[in-house]
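Below: the structure, in C-alpha cells.
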Amino acid sequence: NGVIIVTTKRGTDQRPSVNFSTNLGIKQPLSAPQYADYVTSMKMWNEAVYNDKNWDYMIPESTISAWENAYATGNYGPYNDYFPEIDWWEEMIHIGQQQQYNLNFRGGTQFVNYFVSFAFLNDGDILNIDEQEMFDNSYWYKRYNWRTNLDFRLTASTTFSVNLAGVQGNRNSAGFRGPTGTADPDNAHTQAFYKELYRAARNMFPIRWSQGNNLGDGEYGTAADGSGNLKTYFERGQRTFKNYQNFIDLNLDQNLDFI
C-alpha cells in the first residue's frame, strides 16, 4: 500500500517570476433532435385515428392543404400568427463559452520564500435566454481561487510556514423551480426544462403574437392553460447561490539533527 502526499507550489530563492495562463473553450450538444414536419405529422395522426375509427378527431384536409401551401411559399415560422412552426432547440440552445485565467508570482530571499496565485473561472451555459432589464436570468458559474504560501527561515534549522487559500463560487440561474415534492426543487427545474424542450408544441402558437393581433397583441403565445412557451420559463425572476471557503494553516519545521 502506497501513500499519496499532496503538496502545493512553494517559493524559491530566486528573482521574482510571473506566470500567466488562460484557457478558452466552447461547448455545445453533439446532436439535436430531428422532427417530422407538421404536414407529415397531421397525415400520420389522421391515419392513426382512421385505424381506430375515431372520426371526430380527424384533421380536415383543408387544414393540411393550407399548411402544404405555407411550406411551399415559405409562409411559416416561429413568429407567424397563422402558420407557426417553432424549432425550440434552435431557439433555446446555442454555443456556450468558458474562460479560465491563472496568475501567479514566485520568488524569495534568504529570509522568506513566497508563492502567490490567483485564478478565475467563468463558465457560461448553452441556454439562449432573452436578457431582462430588471434582473439577470442567465445561467453562469463564476469561481475565484487564491493561494499564498510563505516560508520564513527564522534560523538555520527553523522554518515557519504560513499557507492561505480560499475559493468563492457564485452561481446564477433563472427564478423558476422544479416541481414541488422533488428531492431537489432548486435543480429539478433544469431537468423539467429539458424534458419540455423535447416535447414542447411546435405548431400550436407563435413565440409571440404580432402587434395588433387580437389573439395576443405582442404577448407570448401559449396553450389554452398558459403553458407551453419555453421562453416564459426564464421571466420568473433570478436565483443566486454563493459559497465561500477559506483555509489557513501554520507550520513550524525544526531540524533536530543537533540532538
Side-chain angles (χ1 to χ4, degrees), residues 28-29 31-46 48-49 54 56-96 124-139 172-180 185 188-239:
Q28 67 180 89
S31 61
Q34 302 295 320
Y35 298 93
D37 63 73
Y38 195 37
V39 170
T40 300
S41 299
M42 288 189 288
K43 289 182 177 180
M44 297 305 295
W45 170 270
N46 276 356
V49 298
N54 292 323
D56 293 340
Y57 295 98
M58 295 283 290
I59 297 174
E61 285 298 324
S62 58
T63 300
I64 297 177
S65 297
W67 269 95
E68 288 177 330
N69 181 68
Y71 280 133
T73 59
N75 183 28
Y76 67 98
Y79 292 91
N80 189 301
D81 291 343
Y82 301 102
F83 298 99
E85 180 158 291
I86 307 171
D87 184 341
W88 285 114
W89 191 272
E90 181 70 21
E91 294 291 334
M92 303 303 302
I93 303 297
H94 69 167
I95 297 176
D125 197 69
I126 62 174
L127 292 179
N128 183 25
I129 300 174
D130 296 335
E131 295 183 1
Q132 303 296 314
E133 295 183 1
M134 301 298 295
F135 52 87
D136 181 6
N137 59 337
S138 61
Y139 285 75
N172 196 81
S173 68
F176 76 92
R177 306 183 69 185
T180 58
H189 69 278
T190 303
Q191 301 175 17
F193 167 76
Y194 279 100
K195 184 177 180 180
E196 290 299 321
L197 179 63
Y198 280 92
R199 67 180 190 180
R202 294 163 44 88
N203 301 94
M204 301 303 295
F205 46 79
I207 294 178
R208 281 188 183 273
W209 299 102
S210 60
Q211 294 289 340
N213 189 308
N214 59 4
L215 295 175
D217 193 17
E219 298 296 324
Y220 278 121
T222 63
D225 61 356
S227 66
N229 193 321
L230 300 185
K231 291 285 187 179
T232 64
Y233 280 39
F234 304 99
E235 294 191 354
R236 304 174 187 177
Q238 171 186 4
R239 297 179 66 83

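Fair warning: this is a prediction, and the values are worked out from it, not measured in the lab.
- Side-chain N or O atoms of Asp125 include none that pairs as donor or acceptor with a backbone N or O of Tyr139 at under 3.5 Å.
- Donor-acceptor pairing under 3.5 Å is recorded for the side chains of Ser210 and Asp81.
- In terms of heavy-atom proximity, Gly228 sits nearest to Ala200 at O-CB, 4.2 Å.
- Using modelled atom types, one side-chain atom of Trp88 and one backbone atom of Ala201 make a donor-acceptor pair closer than 3.5 Å.
- Ring to ring, Tyr220 and Trp209 are not that close: their centroids are 6.0 angstrom or more apart.
- Here Asp130 contributes atom CG and Thr232 contributes atom OG1; the two are 11.0 Å apart, rounded to the nearest 0.5 Å.
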Might you work through the side-chain contact (heavy atoms from CB on, under 4.5 Å) test for Leu197 and Leu230, ending with a clear yes or no?
-> CA-CA 7 Å; Leu197 179 63; Leu230 300 185; 3.8 Å; yes
Does the salt bridge (charged side-chain N to carboxylate O under 4.0 Å, His left out) test come out yes or no for Lys43 and Glu68, once each step is laid out?
-> CA-CA 11 Å; Lys43 289 182 177 180; Glu68 288 177 330; 3.1 Å; yes
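- Between Tyr38 and Phe83, the ring centre distance reaches or exceeds 6.0 Å.
- Heavy atoms from other residues, nucleotides or ligands lying under 6.0 Å from CE of Met58 number more than 12.
- A side-chain donor from one of Asp136 and Ser138 sits under 3.5 Å from a side-chain acceptor of the other.
- Counting non-hydrogen atoms of neighbouring residues, nucleotides and ligands closer than 6.0 angstrom, the CD atom of Glu90 reaches no more than 12 such neighbours.
- One finds no salt bridge joining Arg202 and Glu91 here, because no Lys/Arg side-chain nitrogen approaches an Asp/Glu carboxylate oxygen to under 4.0 Å.
- Residues Pro206 and Asn80 fail the side-chain proximity criterion, which asks for heavy atoms closer than 4.5 Å.
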Check against side-chain contact (heavy atoms from CB on, under 4.5 Å), Leu127 and Phe193 = CA-CA 11 Å; Leu127 292 179; Phe193 167 76; 3.3 Å; yes
Worked check of side-chain contact (heavy atoms from CB on, under 4.5 Å) between Glu85 and Asn203 = CA-CA 5 Å; Glu85 180 158 291; Asn203 301 94; 3.1 Å; yes
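- Distance check, rounded to the nearest 0.5 Å: CD of Gln28 to CD1 of Ile126 gives 9.0 Å.
- Counting only N and O atoms by type, the side chains of Asp37 and Thr40 include a donor and acceptor under 3.5 Å apart.
- Within the model, atoms CD1 of Ile86 and CE of Met92 stand 11.0 Å from one another, a figure rounded to the nearest 0.5 Å.
- Side chain of Asn46 to main chain of Ile59: a donor-acceptor pair is present (N/O by atom type, distance under 3.5 Å, no hydrogens or angles).
- Relative to the six-membered ring of Phe234, Arg236 misses at least one condition, a distance below 6.0 Å or an angle of at most 45° to the axis.
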Give the C-alpha distance, both sets of side-chain angles, the deciding distance and a yes or no for side-chain contact (heavy atoms from CB on, under 4.5 Å) between Tyr233 and Asn137.
-> CA-CA 10 Å; Tyr233 280 39; Asn137 59 337; over 6 Å; no
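- More than 12 heavy atoms of other residues, nucleotides or ligands lie within 6.0 Å of OH in Tyr35, so this atom counts as buried by the packing criterion.
- Side-chain contact check for Asn172 and Gln238: at least one donor-acceptor pair (N or O, by modelled atom type) lies under 3.5 Å.
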For the pair Tyr198 and Trp89, evaluate ring pair (Phe, Tyr, Trp, His ring centres under 6.0 Å) and give the outcome as yes or no after the intermediate values.
-> CA-CA 8 Å; Tyr198 280 92; Trp89 191 272; 5.7 Å; yes
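- In this structure, Met204 CE and Thr222 OG1 are separated by 11.0 Å, a value rounded to the nearest 0.5 Å.
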